Each structure stands twice: as structure tokens, then as C-alpha cells.
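Worksheet: one structure, shown below.
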Amino acid sequence: ASYMTHMVCVEGIATRCSLVRPKIVKSVHYCPATNKMLSRQYRDSPSLDGGLPTGHVYPKKDDEGHPLETEYGLSQYKDHQTLSVQEMPEHAPIGQLPCSIDVVLDHDLVDKCKPGDRIQIIGIFRGLSGVSAGGATSGLFKSALIANHVRILSQDVRGASCTADDVTNIRRVASRDDIFARLSRSIAPSICGSMEIKKAILLARP
């Protein structure tokens with residue numbers, strides 16, 4: 001709770017990514033009876049535009065009861081996507097399930113990663129109020145991270161360069177007679193035994 005409304009940095013593995021869907025920001029309508037234009041702004045709980053959340057009722061008639069036609073070409077939309085980020089296994093305490101958090105992505109941040117990517121997200125940790133059965137706001141809030149920056153950590157690993165000392169150490173280790181056994185033992189070192197399975201995993205890796 002102390003991190004609420006603060007900017008935080010989260011690292012983890014993307015486990016679930018939704019489809020990229022357009023979210024309406026401003027709708028423009030035309031009334032043939034009065035020959036007038038009508039526009040309406042839309043904000044939801046994760047919105048950072050400022051102001052209270054607006055209703056999501058799409059106007060179909062004006063104040064006088066005349067039907068409206070939606071001008072889709074003049075309306076404004078933004079890309080919207082949600083994903084779940086799970087704690088990395090090496091950072092989770094041994095014997096405990098990793099924690100997860102929901103992330104909201106908008107505009108150019110959508111479609112930056114896919115499930116399985118190790119990512120770093122910087123954003124604002126906010127609470128989204130829920131609605132009880134009677135229509136009143138409950139005291140429980142669903143927390144989510146409103147992202148403003150996404151970085152894929154696996155890209156940094158692929159783009160890493162080796163120094164002369166690294167090449168020397170790699171050749172020195174590769175010249176050992178027990179290099180295959182040492183590499184096999186380095187896979188899941190917290191799991192004792194199962195050497196045949198570890199060797200199979202090592203040989204199956206590209």
C-alpha cells in the first residue's frame with residue numbers, strides 16, 4: 001500500500017498478453033435533424049489524462065431526443081492492451097509461488113512483448129476501485145501498474161559483447177575434460193540428481 005500512486009520499476013516474465021484493442025477517447029456525432037455536431041470525451045480508472053472517470057454510455061440521441069449518427073472518421077481512439085507479469089523464478093523465495101501483477105499498456109507501448117519475455121516495466125502503481133452489488137464503491141481495490149516504459153531484458157542479453165578476458169576464460173573452461181558434466185550440473189543447481197535429464201536439456205538447447 002505504501003507504493004500506491006508512486007512510480008515503480010518491476011522486472012518479471014510476461015505470462016499472459018491480451019489482444020490489442022482500440023479504446024475510444026473521443027466520439028463525434030452528427031444530428032441530421034438539427035444539423036449540429038456533438039462530441040463526448042471518455043476516461044476510465046486507469047486513465048492518466050486527469051479528471052474523474054466518465055460514463056461509458058454511448059450517446060444515441062441528443063438532449064431533444066433526435067437520433068445521432070456516429071462520425072467514426074472524426075472520433076479518436078487509442079491502442080489498449082493488458083498483460084500479466086510474474087516474478088522471476090530466481091527472485092522468488094524457494095518453495096513459494098511467484099507473485100504476479102496486472103499491467104495496463106496504452107498507445108505505442110502495446111505489442112512490445114510476448115508471453116515468455118523477460119521484461120522491465122516502469123509505471124505508476126494505482127488502485128482501481130471496484131463496485132459492489134448495490135452499486136456503491138467497495139473498500140477493496142484491484143491494483144494495477146499503469147506503464148509508461150517497457151524494456152525487454154532478453155534483448156540486452158542477445159546484444160551483449162564479450163571482452164578479451166571473457167574469450168580467454170571461455171576457451172580455458174572449454175578445454176577441460178569434464179566440461180560436459182560441469183555444464184550439466186549448472187542446470188537447476190537447486191535440484192539434486194536427475195543428471196540424465198539435465199544432460200538432455202543441455203543437448204536440446206540451441
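This is a predicted model, so every value here is computed, not measured.
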Given Asp106 and Val110, is the side-chain contact (heavy atoms from CB on, under 4.5 Å) satisfied, shown in steps? CA-CA 6 Å; Asp106 288 327; Val110 302; 5.7 Å; no

Within this structure, what is the NZ-CG distance for the pair Lys78 and Asp108, rounded to the nearest 0.5 Å? 12.0 Å

Do the non-hydrogen side-chain atoms of Leu105 and Val150 ever get within less than 4.5 Å of each other? yes

Student check: side-chain heavy atoms of Met88 and Leu153 closer than 4.5 Å: yes

Please give me the minimum heavy-atom distance between Lys198 and Ile187, naming the atom from each residue. CE-O, 3.1 Å

Should the heavy atoms of other residues, nucleotides or ligands under 6.0 Å from OH of Tyr58 be counted, would the total exceed 12? yes

Taking all non-hydrogen atoms of both residues into account, name the closest pair between Gln81 and Asp111 and its distance. OE1-N, 2.8 Å

Assigning hydrophobic clusters by single linkage (Ile, Leu, Val, Met, Phe, Trp, Tyr; side-chain heavy-atom cutoff under 4.5 Å), is Leu203 placed with Val173? yes

Ring centre gap for His29 and Tyr72 strictly below 6.0 Å: no

Apply the test side-chain contact (heavy atoms from CB on, under 4.5 Å) to residues Leu68 and Leu38: give CA-CA distance (whole Å), side-chain angles for both, the deciding distance (0.1 Å), then the verdict. CA-CA 9 Å; Leu68 298 174; Leu38 173 67; 3.7 Å; yes

Okay, side chain of Asn169, backbone of Asp166: is any donor-acceptor separation there less than 3.5 Å? no

Just wondering, do Cys9 and Gln120 contact through their side chains at under 4.5 Å, heavy atoms? yes

Start with the C-alpha gap between Cys17 and Lys114, add the side-chain angles, then the distance that decides, and say whether side-chain contact (heavy atoms from CB on, under 4.5 Å) holds. CA-CA 7 Å; Cys17 298; Lys114 59 183 182 296; 5.6 Å; no

Below 4.5 Å, heavy atoms only, C-beta onward: do Pro59 and Arg40 meet side chain to side chain? yes

With the 4.5 Å side-chain cut-off for hydrophobic clustering, are Val20 and Ile119 part of the same group? yes

CG of Asp178: more than 12 outside heavy atoms within 6.0 angstrom? yes

Under a single-linkage definition using a 4.5 Å side-chain heavy-atom cutoff for Ile, Leu, Val, Met, Phe, Trp and Tyr, are Tyr42 and Tyr77 assigned to the same hydrophobic cluster? yes

How close do Gln86 and Pro98 get, counting heavy atoms only, and between which atoms? CD-CG, 3.7 Å

Arg16, CZ: over 12 other non-hydrogen atoms inside 6.0 angstrom: yes

Side chain proximity check, Lys142 to Asp102, heavy atoms < 4.5 angstrom: yes

Considering all heavy atoms, the nearest Thr34-Cys31 contact: OG1-SG, 3.2 Å

Just jot down the side chain to side chain donor-acceptor pair (under 3.5 Å) partners of Thr82, sequence neighbours excluded, or say none. Ser18

Between His66 and Glu64, is there a donor-acceptor pair closer than 3.5 Å when you use the side chain of the first and the backbone of the second? no

For the backbone of Val28 and the side chain of Ser75, can you confirm whether one donor and one acceptor N or O come within less than 3.5 Å of each other? yes

Residues in side chain to side chain donor-acceptor pair (under 3.5 Å) contact with Arg185, at least two apart in sequence or another chain: none

Find out whether Leu145 and Ile121 are in side-chain contact, i.e. whether some heavy atom of one side chain is under 4.5 Å from a heavy atom of the other. yes

Closest heavy-atom pair and its distance - Ala14, Cys113: CB-SG, 4.3 Å

Leu74 vs Lys26, side-chain contact (heavy atoms from CB on, under 4.5 Å): CA-CA, chis, key distance, verdict: CA-CA 9 Å; Leu74 299 178; Lys26 176 183 177 181; over 6 Å; no

Same cluster or not: Ile101 versus Val8, using hydrophobic residues (I, L, V, M, F, W, Y) connected whenever any side-chain heavy atoms lie under 4.5 Å apart? yes

For Pro32, does its backbone N or O pair with a side-chain atom of Asn35 as donor and acceptor, under 3.5 Å? no

Distance col, row Glu196:CD vs Ser184:OG, nearest 0.5 angstrom, shows 9.0 Å

Just verifying a value: how many Å separate Ser39 OG and Gln41 CD, rounded to the nearest 0.5 Å? 6.5 Å

Side chain to side chain, Val104 and His80, heavy atoms closer than 4.5 Å: yes

Hydrophobic clusters here meaning ILVMFWY residues chained together by side-chain heavy-atom distances under 4.5 Å, can you tell me if Ile170 and Leu183 are in one? no

Hey, are the side chains of Phe125 and Val10 touching, using non-hydrogen atoms and a 4.5 Å cut-off? no

Answer yes or no: is there an ion pair linking Lys36 with Asp62, defined by an N-O contact shorter than 4.0 Å? no

More than 12 heavy atoms from other groups under 6.0 Å of CD1 on Ile122: yes

Donor-acceptor contact present, side-chain Glu69 to main-chain Tyr30, <3.5 Å: no

